[in-house]
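To start, the structure itself, in structure tokens.
First the proteins, then the strands, lettered A, B, ... as listed; each starts at 1. For the numbers below, each heavy atom of this structure counts, side chains included, while hydrogens, waters and symmetry mates do not.
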Amino acid sequence: MNLVRQGYAYRIGISIVLLLLAAASLGPFIYLLVISFVTDMSQVFKNGIALKITPEMLSLDSYRLLLQDDGGKYFSWFMNSIMVTVLFTVLSISFCSMVGYGITMYEFKGKTTILVLVMSTMMIPVETLIIPLYNEINLFHLTNSYFGVVLPFAVAPFTIFFFLQYAQSLSKDFMEAARIDGCGEFRIFLTVMAPLMKPAFSAMIILQATTAWNDFLWPLIVMSNSEDFTLTVGIQTYLSPYGNNYNLLFAGGVVSVIPVIMLFFACQRLFMEGIMQGGIKG
Amino acid sequence: MTKRTAPYLFCAPFILTFAIFMVYPMIDMIYRSFYKLEGIRSYRFVGFDNYHRIATDPHIGNAIWTTLGFTAGIVAVNLVLPLLLALALNNKLTPFRNLFRSAFYIPALTSVVVAGIFFRLFLAGNADTPLNAAMRLFGKEPREWLFDTKMTGIVALVLTSTWRWLGLNILYFLSALQTISRELYDAAHVDGANTLQRFRHVTLPGIRPIILFVTTILTYGGLRMFGESYVLWNGNTPGDIGLTIVLYIYRTAFGQFDMGYASAMSVLFFLLLMVLNFFYIQSMGIGSRREER
């Protein structure tokens with residue numbers, strides 16, 4: 001009886017704590033969503049960060065402005081973000097899965113060296129190399145191009161490491177069986193082994209797509225023409241020392257979140273599974 | 001492609017990326033750190049001048065303290081809070097576990113820009129912001145949190161980053177908690193261990209590797225802090241409030257085009273991270289991990 005009551009108290013207590021924290025997690029979204037419909041932003045700030053918003057204050061004006069601003073510039077930023085994200089995700093997932101799989105499934109000369117290189121570069125932040133990388137991208141004439149944004153970081157050691165860990169749970173017997181059937185090594189990877197790594201793929205697709213979509217520093221450096229900006233780089237130009245355009249900022253921020261949220265909810269189950277099972281075991 | 005050549009072809013993308021986008025830039029960076037950019041394209045050899053400048057630059061000290069303070073804060077908060085939440089979400093008694101898990105993960109999907117937009121407003125000096133209204137309840141004056149002191153600047157960075165980073169760290173801890181076998185807990189229970197003892201002697205040892213992993217990514221995430229700082233202060237950091245190492249390097253290189261000096265700073269920053277990396281790899285013991293499996 002005592003245990004039952006304890007369980008009851010725990011449930012109520014933990015629910016309250018989790019609800020409060022979930023509110024803190026989701027509150028900023030809800031706030032930005034509501035405020036993005038406010039027509040006259042000066043109203044909002046007079047009222048003190050819009051705690052009192054009335055229906056009369058709301059309209060779709062911010063979104064209309066967003067579509068029309070500067071000949072639909074927001075739309076081209078949106079398309080740039082889509083292109084960069086797709087390109088980055090495709091390159092990153094196909095190459096990193098190959099490398100991770102290759103390191104794990106084969107015994108070969110130099111295996112330890114490559115493993116040590118992957119591990120030791122895994123934690124080196126890209127931030128340390130932005131200056132020489134910028135010079136290099138400049139040298140290759142890749143500034144203001146999608147490839148300039150994507151190429152230097154597509155084959156990231158962290159992603160390789162994730163696939164490498166996941167591949168360790170695969171049995172080499174399947175490979176032997178396929179070899180006896182006369183399958184080539186690359187076809188074994190593509191048709192036999194890769195499907196077995198499906199949870200790892202789905203987890204990494206979401207993680208890489210959100211990373212690429214939200215990446216800020218590198219696109220900020222590579223893209224200097226305003227029509228070539230990605231969303232993150234573009235939206236923050238609405239904040240400027242000469243005054244902030246809050247209408248565009250809030251509406252633009254809300255729209256920029258929609259694609260990743262949609263992707264997340266579409267693949268949520270697979271994503272959680274992939275992270276949980278494949279996961280980093282350290 | 002034979003069984004012998006296959007692994008090399010599989011690893012080729014990494015080897016190429018490593019050579020082109022890691023080794024070459026590293027050499028280029030070291031080379032440039034001894035030069036000074038003059039005009040648009042001409043570099044002049046200046047020896048160790050850039051390195052001497054670092055020692056006397058007052059901004060560097062500020063940037064290092066802000067970065068270290070932020071790193072300490074982010075590691076402490078994002079180790080303890082996600083672990084506690086993961087424990088709660090791993091407990092079968094907790095209701096709506098999947099729903100909460102998603103709720104905590106959703107901020108991780110947003111960009112630093114969106115997070116920055118919100119937290120700039122949240123931390124603004126207006127007397128009616130939720131934060132300042134709460135402070136008034138305690139009889140405190142409203143503050144311009146982002147521009148108050150270096151300390152509030154660091155707290156602002158920790159708050160903004162935690163909002164986005166929490167969800168993924170919860171997932172890492174959850175995945176580790178689920179690998180601990182039920183039987184260990186049952187055995188501890190039979191031996192009369194209470195909740196705290198079970199946590200200390202079963203849970204903690206079981207998730208030790210993930211604690212190490214999360215600490216490491218948080219440390220690097222802290223040291224490399226750029227985005228939150230850039231967006232919260234919009235690139236202006238009066239009195240160096242919120243100025244991090246990477247932001248300072250970025251501004252020196254792409255604001256003032258002082259490429260040589262920025263390269264010299266990057267070289268030292270890189271060396272620092274390599275040293276940390278060395279300790280991390282030591283602690284993971286790469287050589288021995290193969291045999292374990």
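- Neither the backbone nor the side chain of Phe153(A) comes within contact range of chain B, judged by heavy atoms closer than 4.5 Å.
- Among Asn135(A), Leu32(A), Leu26(A), Ile114(A), the residue making the largest number of heavy-atom pairs under 4.5 Å with chain B is Asn135(A).
- Only the backbone of Ala24(A) comes within contact range of chain B, with at least one heavy atom under 4.5 Å from a heavy atom of that chain.
- Chosen from Ala108(B), Pro95(B), Gly227(B), the residue pairing most often with chain A at heavy-atom distances under 4.5 Å is Pro95(B).
- No close placement of the Trp218(A) and Phe254(B) rings is indicated, their centers lying 6.0 Å or farther apart.
- Ion pairing between a basic and an acidic side chain is recognised when a charged N comes within 4.0 Å of a carboxylate O; Arg4(B) and Glu185(A) show no such pairing.
- Using a 4.5 Å cut-off between heavy atoms, Val126(A) touches chain B through backbone and side chain atoms alike.
- Considering only heavy-atom pairs separated by less than 4.5 Å from chain B, the leading option among Ile261(A), Val155(A), Ile130(A) is Val155(A).
- The two residues Ile188(A) and Ala178(A) have their closest heavy-atom pair at CG1-CB, 3.9 Å.
- Listed options Glu136(A), Gln236(A), Arg179(A) were ranked by heavy-atom pairs under 4.5 angstrom with chain B; first place goes to Glu136(A).
- Using a 4.5 Å cut-off between heavy atoms, Thr219(B) does not touch chain A at all.
- Looking only at heavy-atom pairs under 4.5 Å with chain A, the residue among Leu168(B), Ile106(B), Asp28(B), Leu109(B) that has the most is Leu109(B).
- By the 6.0 Å contact criterion, CZ on Phe96(B) is open, its count of non-hydrogen atoms from other residues, nucleotides or ligands being 12 or less.
- In this structure, chain B has no heavy atom under 4.5 Å from any part of Val17(A).
- Both the backbone and the side chain of Met26(B) come within less than 4.5 Å of a heavy atom in chain A.
- Interface remark: Phe100(B) contributes side-chain atoms only to the contact with chain A (heavy atom separation under 4.5 Å).
- Using a 4.0 Å cut-off between charged nitrogen and carboxylate oxygen, Glu107(A) and Lys111(A) count as a salt-bridge pair.
- Residue contact with chain B, scored on non-hydrogen atoms closer than 4.5 Å, involves the side chain of Ser256(A) exclusively.
- Across Phe95(A), Phe216(A), Phe265(A), the residue that shares the most heavy-atom pairs under 4.5 angstrom with chain B is Phe216(A).
- Residues Gln268(A) and Tyr105(B) bring no donor and acceptor atom of their side chains to less than 3.5 Å of each other.
- In this structure, the portions of Phe104(B) lying under 4.5 Å from any heavy atom of chain A include both its backbone and its side chain.
- For a residue to count as touching a neighbouring chain, one of its non-hydrogen atoms must lie under 4.5 Å from one of that chain's; by this rule Leu217(A) touches chain B with backbone and side chain alike.
- For a residue to count as touching a neighbouring chain, one of its non-hydrogen atoms must lie under 4.5 Å from one of that chain's; by this rule Ile12(A) does not touch chain B.
- Put simply, of Ala88(B), Pro7(B), Gly116(B), Ser266(B), the one with the most heavy-atom pairs under 4.5 Å next to chain A is Pro7(B).
- Listed options Leu151(A), Thr211(A), Leu220(A), Ile160(A) were ranked by heavy-atom pairs under 4.5 angstrom with chain B; first place goes to Leu220(A).
- Only the side chain of Thr210(A) comes within contact range of chain B, with at least one heavy atom under 4.5 Å from a heavy atom of that chain.
- Using a 4.5 Å cut-off between heavy atoms, Ile20(B) touches chain A through backbone and side chain atoms alike.
- Your options are Leu263(A), Val257(A), Ile221(A), and the one with the most heavy-atom pairs under 4.5 Å with chain B is Ile221(A).
- Residue Leu91(A): no heavy atom, backbone or side chain, is found under 4.5 Å from chain B.
- Two residues are said to be in side-chain contact when any heavy atoms from C-beta on lie closer than 4.5 Å; Ile210(B) and Thr179(B) fail this criterion.
- Heavy atoms closer than 4.5 Å to chain B are found in the side chain of Tyr10(A), but not in its backbone.
- Among Tyr31(B), Phe119(B), Tyr250(B), Tyr220(B), the residue making the largest number of heavy-atom pairs under 4.5 Å with chain A is Tyr220(B).
- Although no hydrogens or angles enter the test, the distance criterion places a donor-acceptor pair under 3.5 Å between the side chain of Tyr8(B) and the main chain of Lys109(A).
- Of the atoms belonging to Arg208(B), not a single heavy atom falls under 4.5 Å from chain A.
- At a 4.5 Å heavy-atom cutoff, the contact between Leu85(B) and chain A is made by side-chain atoms alone.
- Taking the six-membered ring for Trp and the full ring otherwise, Trp213(A) and Phe264(A) have centroids separated by 6.0 Å or more.
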